[in-house]
> 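There's a structure below that I have some questions on.
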There are 2 protein chains.
Amino acid sequence: MSDAYPKPDVSVDVVLLTLVEGKLHVALHVRTKRPDKGTLALPGGQVHVDDDDEVDLEATAYRVLREKVGLVPRYLEQLRTFSGRERDPTRGFTVSISHVALIPYEELKAVGDGVFHFYSVDDLPRLAFDHAAQVSEAVQRLRNKASYSTLPCWLLPEAFTLTQLQVVYEQIFGETVKRGTFRSRLGIKVQDVRPGEAVDEAEILVATDQFQGGKQRPARLFKVNRLSLFRRAFW
Amino acid sequence: MSDAYPKPDVSVDVVLLTLVEGKLHVALHVRTKRPDKGTLALPGGQVHVDDDDEVDLEATAYRVLREKVGLVPRYLEQLRTFSGRERDPTRGFTVSISHVALIPYEELKAVGDGVFHFYSVDDLPRLAFDHAAQVSEAVQRLRNKASYSTLPCWLLPEAFTLTQLQVVYEQIFGETVKRGTFRSRLGIKVQDVRPGEAVDEAEILVATDQFQGGKQRPARLFKVNRLSLFRRAFW
DNA sequence: TAAATAGTGTCTGTAAGACATTATTCG
DNA sequence: CGAATAATGTCTTACAGACACTATTTA
């Protein structure tokens, strides 16, 4: 009965975001097949419904990143499902479950396969299909969640200083913030916290026993426990 | 090439929420087909990829509601795409694009086809497939968005009093709030606003020239302009 | 000690929440 | 006028934001 209807094509796309030199960038590659051959596109792929390891579409997204970019993202979430018969006229009605992934650029540099390159999200060329809309919505989602959560932590290495974290927030929003204000928002009193303990009662950040020293007073390194939401928005 | 892979089944489900006697309810019907015959389920259906009117999956969701419940919702948004080979063992790997719809109960009563019935979301029986998870996420989404937006307005008739709106917010959160606090949060000064004008600079609510009088001082009726976001969360 | 950045303390203005008061209808 | 609910005003407290100050390292 349910097989009476022809099925639409189902694929998964991933908007992989990272910070390069202080600006948000997205991973794109040049399509080698038609349609839109020669145009920049997001990593994506079909669902392997016969592969027992592919338990759901999230597993598909992880496989796409593993096969095409060569790594496991520290953060991945479903963005939205894009659909319609105009997305790819050669295939008719198609459905694409779009995802957002965040990876620190250090990890991406280490892989560096040369197939994917990073483009500033504020200065994109023409993209294939509706991929420009997907990037746009992914950046919106990141900006929005950044205003009330610890999501930007996943654009940094596992351990980071509070100043590094503040800079990431500022870069995402394009606005500066006073250091005192930033820290009081996190509810942080760094000095009377022991390594391994959470910095605040909400357990947003965990202090490590490591410090990052440059040519001045060293800064304590922190880790993020899990994605935490703030009671009040930042900006 | 892309047709080398077998395609998963794609369907659309709708979590239709409404307020019945002050409590959130969801529309469910008893399945008449296997699998899960006799179990309560959400309205849903396959995509009609050959129907030119079905431009995308949102159109599919609207058609499902039109055909199965008999009306056009005042609010509809995509929730999340559920997928996997365990959802419906008889069909293998399936994909369902879940939606949330809000309708004032007055409209639903007027239709009343007898096929769908409303169950309190806080006291659900066993549902078919992963529909319980879909309802749970839909309610979470509503509670979350209610805390920083005018979304609850779509559970009320087109025109409503501020007290009615406050009660809806309180019912969604399960907490009471002082009347003065509620109104100052909306930035509302009712009396010096002319009908048709927005009540606040953010144009969240628009005053009508109508009043709803009971056995006491009549309350001004308002309409909502569009979905608006607050700068600060409510609760 | 000078430079540089890390981290904290203090003050002020704004706004949320509690509570009291006024306004407008009906009977 | 009393009852009932609408709508607003006032006071207190909490917190965001600005700014200045102290702390700890290297050179």
Side-chain angles (χ1 to χ4, degrees), chain A residues 146-148 156 159-170 173 175-195 197-202 204-222 229-235, chain B residues 146-148 156 159-170 173 175-195 197-202 204-222 229-235:
Chain A
S147 71
Y148 63 87
L156 288 172
F160 48 83
T161 69
L162 293 182
T163 300
Q164 287 174 337
L165 183 59
Q166 179 179 340
V167 169
V168 172
Y169 273 96
E170 289 175 342
F173 289 110
E175 288 183 59
T176 59
V177 63
K178 296 287 176 288
R179 199 168 54 230
T181 301
F182 182 76
R183 286 164 191 236
S184 65
R185 275 295 189 85
L186 294 177
I188 287 182
K189 290 291 162 54
V190 171
Q191 288 187 335
D192 38 47
V193 169
R194 304 230 195 102
E197 279 182 7
V199 163
D200 52 318
E201 68 285 352
I204 291 175
L205 296 178
V206 179
T208 71
D209 54 358
Q210 297 175 301
F211 288 84
Q212 176 175 300
K215 307 175 208 295
Q216 69 289 330
R217 174 174 176 175
R220 189 182 279 277
L221 292 173
F222 293 85
L229 308 182
F230 305 146
R231 267 196 63 251
R232 305 171 76 109
F234 253 106
W235 268 269
Chain B
S147 70
Y148 63 87
L156 288 172
F160 48 83
T161 69
L162 293 183
T163 300
Q164 287 174 337
L165 183 60
Q166 180 180 339
V167 169
V168 172
Y169 273 96
E170 289 176 342
F173 289 111
E175 288 182 59
T176 60
V177 63
K178 297 286 174 289
R179 199 165 55 226
T181 300
F182 181 76
R183 286 163 192 236
S184 65
R185 274 294 189 86
L186 294 176
I188 286 181
K189 288 292 159 55
V190 171
Q191 290 189 333
D192 37 49
V193 170
R194 305 231 195 98
E197 280 183 5
V199 162
D200 52 319
E201 69 284 352
I204 290 175
L205 296 178
V206 179
T208 71
D209 54 357
Q210 298 175 297
F211 288 83
Q212 175 175 302
K215 309 176 205 291
Q216 66 290 326
R217 175 174 176 176
R220 190 182 277 279
L221 292 172
F222 293 85
L229 307 182
F230 306 144
R231 267 195 62 252
R232 304 172 76 112
F234 253 106
W235 269 270

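Each chain gets a letter, A, B and so on, in the order its sequence line appears, and its residues count up from 1.
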> What are the two closest non-hydrogen atoms of A:Gln166 and A:Val177, and how far apart are they?
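The pair with the smallest heavy-atom distance is NE2-O, 2.9 Å.
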
> Minimum heavy-atom separation for A:Arg220 to A:Thr208, with atom names?
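Residues A:Arg220 and A:Thr208, closest heavy atoms: NH1-O, 2.7 Å.
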
> So how far is it from B:Leu165 CG to B:Glu170 CD, rounded to the nearest 0.5 Å?
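Between atom CG of B:Leu165 and atom CD of B:Glu170 there are 10.0 Å.
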
> For C:dG7, does OP1 or OP2 lie under 4.0 Å from any side-chain N or O of A:Arg183?
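Checking C:dG7 against A:Arg183, a side-chain N or O does come within under 4.0 Å of OP1 or OP2.
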
> Nearest whole Å is fine: how far is C:dT8 P from A:Arg185 CZ?
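Between P of C:dT8 and CZ of A:Arg185: 18 Å.
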
> If you only use heavy atoms from C-beta on, which nucleotide in C:dG7, D:dA16, D:dA6 is closest to the side chain of A:Ala219?
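Closest nucleotide to the A:Ala219 side chain: C:dG7.
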
> For the side chain of B:Lys178, starting at C-beta, report the closest nucleotide among C:dA18, C:dA6, D:dG17.
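Taking heavy atoms from C-beta onward, the closest nucleotide is C:dA18.
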
> Would you indicate what A:Thr161 reaches in the nucleic acid, counting non-hydrogen atoms under 4.0 angstrom: base, sugar-phosphate, or nothing?
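The answer is nothing, as A:Thr161 stays clear of every strand by at least 4.0 Å.
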
> Let me know, please, whether A:Gln216 or B:Pro218 comes out on the 5' side of the other along DNA chain D by nearest nucleotide.
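Nearest nucleotide further toward 5': that of B:Pro218.
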
> For this output row, return yes or no: ring centroids of B:Phe160 and B:Phe222 closer than 6.0 angstrom.
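No, ring centres 6.0 Å or more apart.
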
> Give the nucleotide from the list D:dG17, C:dA16, D:dT24 with an atom nearest to the side chain of A:Arg217.
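Selected nucleotide: D:dT24.
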
> Expressed as a whole number of angstroms, how long is the span from A:Gln212:CD to D:dT24:C1'?
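It works out to 15 Å between those atoms.
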
> Regarding D:dA7, can its base be found pairing with the side chain of B:Arg179 as donor and acceptor, where the two atoms are less than 3.5 Å apart?
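Per atom types, the contact qualifies.
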
> Would you mind reading off the distance between A:Arg220 atom CZ and C:dT5 atom C1', rounded to a whole angstrom?
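The distance from CZ of A:Arg220 to C1' of C:dT5 comes to 16 Å, rounded to the nearest Å.
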
> Check the distance between C:dA16's C1' and B:Tyr148's OH and give it to me in whole angstrom.
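In whole Å, C:dA16 C1' and B:Tyr148 OH are 21 Å from each other.
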
> For C:dA6 and A:Thr163 - does any side-chain N or O of the residue sit under 4.0 Å from the phosphate oxygens OP1/OP2?
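True: A:Thr163 side-chain N/O within range (under 4.0 Å) of C:dA6 OP1/OP2.
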
> Of all residues at least two apart in sequence or in a different chain, which pass the side-chain contact (heavy atoms from CB on, under 4.5 Å) check with A:Gln216?
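Not a single residue meets the side-chain contact (heavy atoms from CB on, under 4.5 Å) criterion with A:Gln216.
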
> Quick one: on DNA chain D, does A:Gly180 or A:Lys215 contact a more 5' nucleotide (nearest heavy atom)?
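It is A:Gly180 whose nearest nucleotide is closer to the 5' end.
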
> Provide, to the nearest angstrom, the distance between the CD atom belonging to A:Gln210 and the P atom belonging to C:dA6.
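Atom CD in A:Gln210 sits about 17 Å away from atom P in C:dA6.
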
> In whole Å, I'd like the distance from the CZ atom of A:Phe160 to the P atom of C:dT5.
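Atom CZ in A:Phe160 sits about 21 Å away from atom P in C:dT5.
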
> In whole angstrom, give the distance that lies between atom CZ of A:Phe182 and atom C1' of D:dC15.
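Result: 17 Å.
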
